[in-house]
Novice: 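Sharing a structure with you now.
Keep in mind it's a predicted model, so treat the numbers as computed, not measured. Every chain is numbered from 1, with letters handed out A, B, ... down the list of sequences.
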Amino acid sequence: MEELDSEDEEDDQLLPDLPNVEAYDEIRMRVAPNPNGPWHIGHARMPAVIGTYKEMYDGSFLVRFDDTDPETKRPDLSAYDAILEDIEYLGFEPDEVMKASDRVETYYDHARELIEMGGAYTCSCGGEEFSELKNSGKPCPHRDKDTETVIDEFESMVDGDYASGEMVLRVKTDIEHKNPALRDWVAFRMVDTPHPREEAEDYRAWPMLDFQSGVDDHLTGVTHIIRGIDLQDSAKRQQFVYDYFDWEYPEVLHWGHVQVDEYGVKMSTSTIKKLIEDGELDGWDDPRAPTIQSLRRRGIHGSAIVDAMVGLGMSTSGVDLAMSTIYANNRDIVDDASDRYFLVRDGVEKAVVGGPEAGEPPLHPDHEDRGRRHIPVPGAVRVESKDVPANGERIWLKGYGCVRHTRDAFEYTGDDISAVRDEGVDVIHWVPADDTVSVTMRTAEGDVTGEAEPDFADADVDEVVQFERIGFVRVDEQNGDESVVYWTHK
RNA sequence: GCUCCAGUGGAGUAGCGGCCAAACUCACGGCCCUCUCACGGCCGAGCCCCCGGUUCAAAUCCGGGCUGGAGCACCA
């Protein structure tokens, strides 16, 4: 019974326990992005889960930019900082930051050591040629070169004496291994294109992910690796290197791919980059882009994203993340603080006959103490065309009173709320016919324009407000009678 | 073809031998509250992929199948 009680206390933990935590003094993890662009929403899962585990175990994590491909997945120089900013916005602080392209000499040293141990060989087979041998479980003729030749050829690789494709260094694994994915994989290859970072532009022999990452994980004391199922075989590949060096492989967990609904744009860094280059998107923070920067500009809090990502758990199957989950999380955070205003899109002007000179709805229905807005009625108001009642019918202008649609005007019929409570009159939002604030609302479906009530000019840039009956928005620009807002969610 | 991995309401997760004709979050529908279609409250919705087996007892264990995903790159 005592055992049950003590277990109950940890019953509501967010994520399943990491394996074998007792074996380590400190749980250490890493986030290893390729800096080929700012992050899309799916990337948030890395810091969200790893950061949460860090908190659970009072551990640490480092950010390591795996930027060892200057060509195919060429690093974007601005992405290094952009990614670190994304992580900070999500609410996490890395304990350390490093770049693989700063550590190339370390990889060379380990390659030399591996060669000395007979664990690697230089190979000049063409890709297809080798693939055929490999698939039939046959070694290539280079496999049995003597160590000296291998060292010489590797140094030539390091010196940049070969062109791309001429020579690689392979790890000697098991050419007959039942899983073809593990047979004698490439550890280093030649790349003609210089690395975009000045510090690394002279290197031509670049390590492949499995070598670089395997060496780094050990050298940086990583105890737990969490990565996608696309890297399922990586641990098994890297195990060969670990065996040569007599290292202990960290614990590994894999998760499936995250798919996000609601976007027309494919969630891939290269796709988004192309759309921006082609001018289809205005930038990484375009509201139509499925990126972290975009959500940020829309006024979504990092923790709303993090909670949704953590909620996906650690399943290895592919998962669909509904944006509505992020929105619901964010609404929880934002609703109480957001002041209310009226915005009328697609407005129709109606003269108001009779009635007071202004309406005064509260800034927030649950917080009368915040005060009221003042919306003048200069003889006419503007309402959304879909809200105009049929002729002869009544409608309640929120914070103002009841009007009847007669001929082409609104005739004031009083402020007895029983019209709404007992007689079923609908309540709508409205703005004065003049002196409104022109608003451009940027949404994932494109820009929407409208007129906001005068007091909306008081809303500060960066503030999240709710346009009643429309949704929440983040104020992006305020210029007196003109304003740009970004759609947050309903 | 070879090798891995997974399969619980619309989405996600939890449960991992009896307390489970299944819990939670989001979505959806309905009702209530409300001068917002926000917030809040209540209700609805699953034969736990299939077939066998083990067991007094299976969503939970075992075998087979089916379906889905991933890898077999000089990408990460």
Side-chain angles (χ1 to χ4, degrees), chain A residues 11-12 14-16 32-36 66-69 71-75 100 123-128 130-131 134-135 137 164-170 177-183 185-191 205-206 208-210 212-213 227-234 236-237 254 256-259 261 269-270 307-329 331-332 334-336 338 340 342 359 361-362 364-366 396-402 415 417 419-421 425-429 466-472 489-490:
Chain A
D11 226 17
D12 53 354
L14 299 167
L15 291 167
N34 179 330
N36 61 342
D66 284 350
D67 55 349
T68 54
D69 179 4
E71 200 168 88
T72 317
K73 290 202 172 165
R74 172 159 251 261
C123 170
S124 53
C125 290
E128 243 173 75
F130 185 85
S131 180
K134 182 202 68 184
N135 286 336
S164 165
E166 283 181 359
M167 188 68 82
V168 299
L169 183 76
R170 290 185 185 282
H177 192 102
K178 64 173 184 171
N179 184 347
L182 310 187
R183 298 171 188 165
W185 46 273
V186 173
F188 284 81
R189 85 297 204 182
M190 304 302 298
V191 181
W206 284 95
M208 301 289 288
L209 175 79
D210 281 320
Q212 172 266 121
S213 163
R227 59 185 164 209
I229 40 168
D230 47 329
L231 265 21
Q232 265 177 130
D233 291 332
S234 265
K236 292 167 192 157
R237 284 206 196 94
H254 297 279
H257 285 294
V258 186
Q259 217 164 41
D261 64 357
T269 307
S270 50
D307 291 350
M309 287 298 171
V310 170
L312 295 180
M314 291 297 297
S315 151
T316 56
S317 40
V319 291
D320 295 324
L321 172 64
M323 283 305 294
S324 60
T325 304
I326 292 179
Y327 298 153
N329 291 343
R331 202 178 293 117
D332 264 353
V334 135
D335 184 59
D336 196 65
S338 301
R340 270 55 173 170
F342 291 155
H364 190 112
D366 304 332
W396 184 283
L397 301 180
K398 185 170 177 175
Y400 182 74
C402 200
D415 64 351
I417 193 60
V420 171
R421 287 185 181 160
V425 172
D426 289 331
V427 178
I428 63 163
H429 56 102
Q466 188 203 46
F467 284 137
E468 291 194 64
R469 302 214 305 143
I470 296 174
F472 293 86
H489 48 62
K490 273 186 74 178

Novice: Between B/U8 and B/A23, how far apart are the two C1' atoms, rounded to whole Å?
Specialist: 11 Å
Novice: Closer than 4.0 angstrom, basic N to acidic O: yes or no for A/R340 and A/D335?
Specialist: yes
Novice: Using a 4.0 Å heavy-atom cut-off across all strands, classify A/F472 as base, sugar-phosphate, or nothing.
Specialist: sugar-phosphate
Novice: Of all residues at least two apart in sequence or in a different chain, which pass the salt bridge (charged side-chain N to carboxylate O under 4.0 Å, His left out) check with A/D67?
Specialist: none
Novice: Say you pick atom C1' in B/C51 and the same atom in B/C32; how far apart are they, in whole Å?
Specialist: 47 Å
Novice: So with a 6.0 Å cut-off around CD of A/Q259, is the heavy-atom count from everything else above 12?
Specialist: no
Novice: Between B/C35 and A/R421, is there an OP1 or OP2 to side-chain N/O distance shorter than 4.0 Å?
Specialist: yes
Novice: To the nearest Å, give me how far apart CG (A/D335) and P (B/U36) are.
Specialist: 13 Å
Novice: Work out how far the P atom of B/C28 is from that of B/A11, and round it to whole angstrom.
Specialist: 15 Å
Novice: Quantified in whole Å, what is the C1' atom distance between nucleotide B/C26 and nucleotide B/A14?
Specialist: 15 Å
Novice: Name the pairing partner of B/G44, where a pair is Watson-Crick or G-U wobble with both distances under 3.5 Å, or state none.
Specialist: B/C28
Novice: Taking any heavy-atom pair under 4.0 Å as a contact, classify A/K178: base, sugar-phosphate, or nothing.
Specialist: sugar-phosphate
Novice: Between B/A27 and B/G10, how far apart are the C1' atoms? Round to whole Å, please.
Specialist: 7 Å
Novice: Would you mind building the protein contact string for nucleotides 71-76 of chain B? One character per nucleotide, 5' to 3', B for base within reach (heavy atoms under 4.0 Å), S for sugar-phosphate only, - for untouched.
Specialist: BBSBBB
Novice: What string of B, S and - do you get for nucleotides 9-17 of chain B 5' to 3' if you count protein non-hydrogen atoms under 4.0 Å?
Specialist: --SSS----
Novice: The side chain of A/K236 lies closest to which of these nucleotides: B/C4, B/C35, B/C39?
Specialist: B/C4
Novice: Applying a 4.0 Å non-hydrogen cut-off, can you work out what A/P365 is touching in the nucleic acid: base, sugar-phosphate, or nothing?
Specialist: base
Novice: Just how far, in rounded Å, is P of B/C39 from OH of A/Y327?
Specialist: 15 Å
Novice: Please measure how far the C1' atom in B/G15 lies from the corresponding atom in B/C48, and state the result in whole Å.
Specialist: 10 Å
Novice: In whole Å, what separates the C1' atom of B/U60 from that of B/A70?
Specialist: 26 Å
Novice: Could you work out the separation of B/C24 and B/G71 based on their C1' atoms and round it to a whole Å?
Specialist: 35 Å
Novice: Could you check how far CZ of A/F342 sits from P of B/C35, rounded to whole Å?
Specialist: 13 Å
